[in-house]
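Here is the structure we will look at.
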Amino acid sequence: MNIKTLLWLIAAAFYLSPALAESGITLEQPPKSLANWYKPVNKRQVWLHTMFRLRRSMLAIEDYANSGNAAGMTKWTQKLESDYLKIAEMVPEWQQRTKPELFTELSLAIQSDDTVTTKRVLKQIAKSCDNCHATYRPVVAALYRSPDYDEILVRKNATETQGFEDAMHQLPNSINRILIALEDKRSADAIQAAHRLTTQLNHLGQSCTECHKDNAPIIRIMGKPTQRRLDNLVQYLTQGQVKESQKLLGEIGVTVCARCHSIHRTLADLKGVLQP
Ligand code: HEC
Ligand code: HEC
Ligand code: HEC
């Protein structure tokens, strides 16, 4: 059997096997009440800040346990407990995922100077953190802390605007029309499509300020080098320089589209899957 046949058989086995066809990843949605502790319902990212405090308290207790500082341990255990109890207060559906009873044991261990038990209970608490994180952390970050493009409008022409996603759909069409016209030696059409791409990207660039108050990120992707490439593109197309035009389009694809996508689109796509 040659390697091609073997690969074909493996592919066919995957395709035909019902068990494998059904296999996939299932992600659990967090309870709806979590939304109360994030923007826009809340002014602050209350949930996340509670989490940061939990981690700080855990570290303080561990460090004081290692240096045998009972007062320090007691102080930070109170902080830890108070924040830990907030988990189920904020999201009652997650009560089962917390282990508040461990705090009685922790306080007793600290009072009786029992470092071994203190460390063991801390590990158990950390385990309850990890269990919840394994299921929910990435989903929650994508759902509540990734930028939202639904409200962003992009100029379409002198009088109209369009949604962000519609604007995105136009961009590959312009690039492909340039490439098709180049290949089929329709120079005037290629130039026209290049002008359209330039206009579309300028309009897109104006929408960045909806989220970026600072100019630096916008300049990184839409700045002078990009403007120069777009100008050169029209020039090369006009002079019939096919290879150079193709090369420039590739550069625009990487420095404009791919660079922006690596930050913005990956998360947006993930959020789209989670929140259809
Ligand atoms: C803000 C920086 C940014 C730039 C610059 C950018 N994109 Fe996008 N693009 C996005 C984001 C964000 C999404 C996901 C939008 C969503 O899901 O709401 C996206 C989605 C897309 C999609 C999928 C649309 C869909 O939902 O079906 C295509 C196609 C696309 N971009 C093409 C391009 C091309 C081609 C370029 C370059 C000429 C480009 N984009 C430049 C941010 C950008
Ligand atoms: C019932 C669920 C649950 C429990 C229990 C829990 N967390 Fe979290 N934690 C989350 C979720 C959900 C996130 C994601 C929040 C986000 O990204 O906005 C998170 C995020 C975090 C983060 C932020 C991670 C980062 O670097 O961005 C820290 C730190 C953290 N948790 C610490 C803790 C500690 C310490 C404990 C235990 C003492 C704990 N958490 C218990 C649900 C939980
Ligand atoms: C819906 C909101 C949103 C829009 C619209 C948006 N961005 Fe961003 N962008 C973000 C967020 C959030 C981050 C990550 C945090 C940060 O850096 O502010 C980011 C990060 C970046 C970064 C990397 C970090 C940095 O500061 O250099 C660049 C570059 C960038 N954006 C460029 C752009 C450009 C160019 C546009 C318009 C074509 C754009 N963004 C449109 C939300 C947005």
Side-chain angles (χ1 to χ4, degrees), residues 28 30-31 34 37-39 45-59 61 80-81 83-84 86-88 90-91 93-100 102-103 122 124-154 163-176 197-198 200-223 226 230 249 252-273 275:
E28 245 177 89
L34 185 64
W37 311 104
Y38 277 100
K39 290 174 184 171
Q45 313 285 57
V46 179
W47 181 268
L48 185 63
H49 287 285
T50 308
M51 291 295 138
F52 288 145
R53 286 199 305 274
L54 283 172
R55 178 160 62 190
R56 196 174 316 131
S57 299
M58 291 284 283
L59 179 66
I61 302 167
L80 180 70
E81 181 172 14
D83 281 321
Y84 191 87
K86 282 186 194 139
I87 292 177
M90 289 195 274
V91 181
E93 296 91 332
W94 273 345
Q95 188 154 23
Q96 301 299 323
R97 292 196 160 256
T98 61
K99 294 208 153 49
L102 290 173
F103 282 90
L122 271 181
Q124 284 174 282
I125 295 175
K127 195 147 204 271
S128 79
C129 317
D130 293 345
N131 283 342
C132 186
H133 292 162
T135 317
Y136 292 107
R137 195 162 68 180
V139 181
V140 168
L143 278 175
Y144 290 107
R145 288 201 292 124
S146 66
D148 190 349
Y149 301 88
D150 288 352
E151 308 286 314
I152 308 288
L153 291 175
V154 180
F164 197 86
E165 233 185 288
D166 290 336
M168 281 302 144
H169 280 297
Q170 320 292 324
L171 291 170
N173 292 352
S174 296
I175 292 184
N176 281 327
L197 178 68
T198 305
Q200 286 165 343
L201 283 178
N202 284 338
H203 288 163
L204 181 68
Q206 288 159 12
S207 73
C208 312
T209 51
E210 294 290 319
C211 298
H212 293 288
K213 302 303 163 220
D214 169 17
N215 266 331
I218 306 172
I219 290 168
R220 164 135 170 83
I221 290 172
M222 296 295 188
T226 296
L230 288 166
L249 276 170
I252 292 169
V254 171
T255 55
V256 178
C257 319
R259 195 174 276 170
C260 209
H261 285 171
S262 71
I263 313 161
H264 303 81
R265 186 181 172 182
T266 317
L267 257 187
D269 282 352
L270 178 61
K271 190 181 193 172
V273 172
Q275 213 175 33

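Residues: numbered from 1 along the sequence shown. Read the numbers this way: they start at 1 and go in the same order the structure lists the ligands and their atoms. The basis for the numbers below is simple: all heavy atoms, side chains too, and nothing from hydrogens, waters or symmetry mates.
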Pair Tyr144-Trp47, ring pair (Phe, Tyr, Trp, His ring centres under 6.0 Å): steps then yes or no = CA-CA 10 Å; Tyr144 290 107; Trp47 181 268; 9.8 Å; no
Residues Lys127, Asp130: salt bridge by 4.0 Å N-O rule = no
Taking non-hydrogen atoms only, is Arg259 closer than 4.0 angstrom to ligand 3 via side chain, backbone, both or neither?
-> neither
Relative to ligand 3, is Asp148 under 4.0 angstrom through side chain, backbone, both or neither, heavy atoms considered?
-> backbone
Could you list the atoms of ligand 3 found under 4.0 angstrom from a heavy atom of Met222?
-> 38 (C)
Any idea which atoms of ligand 3 are less than 4.0 Å away from a heavy-atom of Cys211?
-> 1 (C), 2 (C), 3 (C), 4 (C), 5 (C), 42 (C), 43 (C)
Residues at least two apart in sequence or cross-chain that pass side-chain contact (heavy atoms from CB on, under 4.5 Å) with Asp150, listed by chain then number, are Asp148
If you leave out waters, which protein N, O or S atoms are less than 2.8 Å from atom 8 (Fe) of ligand 2?
-> Met51 SD, His133 NE2
Specify the protein heavy atom at minimum distance from [atom]: its residue, its atom name, and the distance to 0.1 Å.
atom	result
atom 25 (C) of ligand 2	Phe52 CE2, 4.3 Å
atom 12 (C) of ligand 2	Val140 CG2, 3.5 Å
atom 11 (C) of ligand 2	Trp47 NE1, 3.4 Å

Please state which part of Leu204 comes within less than 4.0 Å of ligand 1, counting heavy atoms only: side chain, backbone, both or neither.
-> side chain
Passes side chain to side chain donor-acceptor pair (under 3.5 Å), Tyr149 versus Glu165? Steps please.
-> CA-CA 8 Å; Tyr149 301 88; Glu165 233 185 288; over 6 Å; no
Test of proximity, His212 against ligand 3: N or O pairs below 3.5 Å = yes
What part of Ser128 sits under 4.0 Å from ligand 2 if we count only heavy atoms: the side chain, the backbone, both or neither?
-> backbone
Specify side chain, backbone, both or neither for Tyr38, according to which of its non-hydrogen atoms lie closer than 4.0 Å to ligand 2.
-> side chain
Would atom 39 (C) of ligand 3 count as contacted, meaning some protein heavy atom under 4.0 Å?
-> yes
Between atom CD1 of Ile218 and atom OG of Ser207, what is the distance when rounded to the nearest 0.5 Å?
-> 8.5 Å
Between the side chains of Tyr84 and Ser57, is a donor N or O closer than 3.5 angstrom to an acceptor N or O?
-> no
Would you mind counting protein N, O or S atoms that sit less than 2.8 Å from atom 8 (Fe) of ligand 1?
-> 2
Looking at ligand 2, does Tyr144 have a heavy atom less than 4.0 Å from it?
-> no
Are any of the heavy atoms in Pro172 under 4.0 Å away from ligand 1?
-> yes
Nitrogen or oxygen atoms of Arg145 and ligand 2 under 3.5 Å apart = yes
All side-chain hydrogen bond (donor to acceptor under 3.5 Å, both in side chains) counterparts of Glu93, not counting sequence neighbours | Ser33
Interfacing atoms of ligand 2 (cut-off 4.0 Å, heavy-atom, Ala141) | 17 (O)
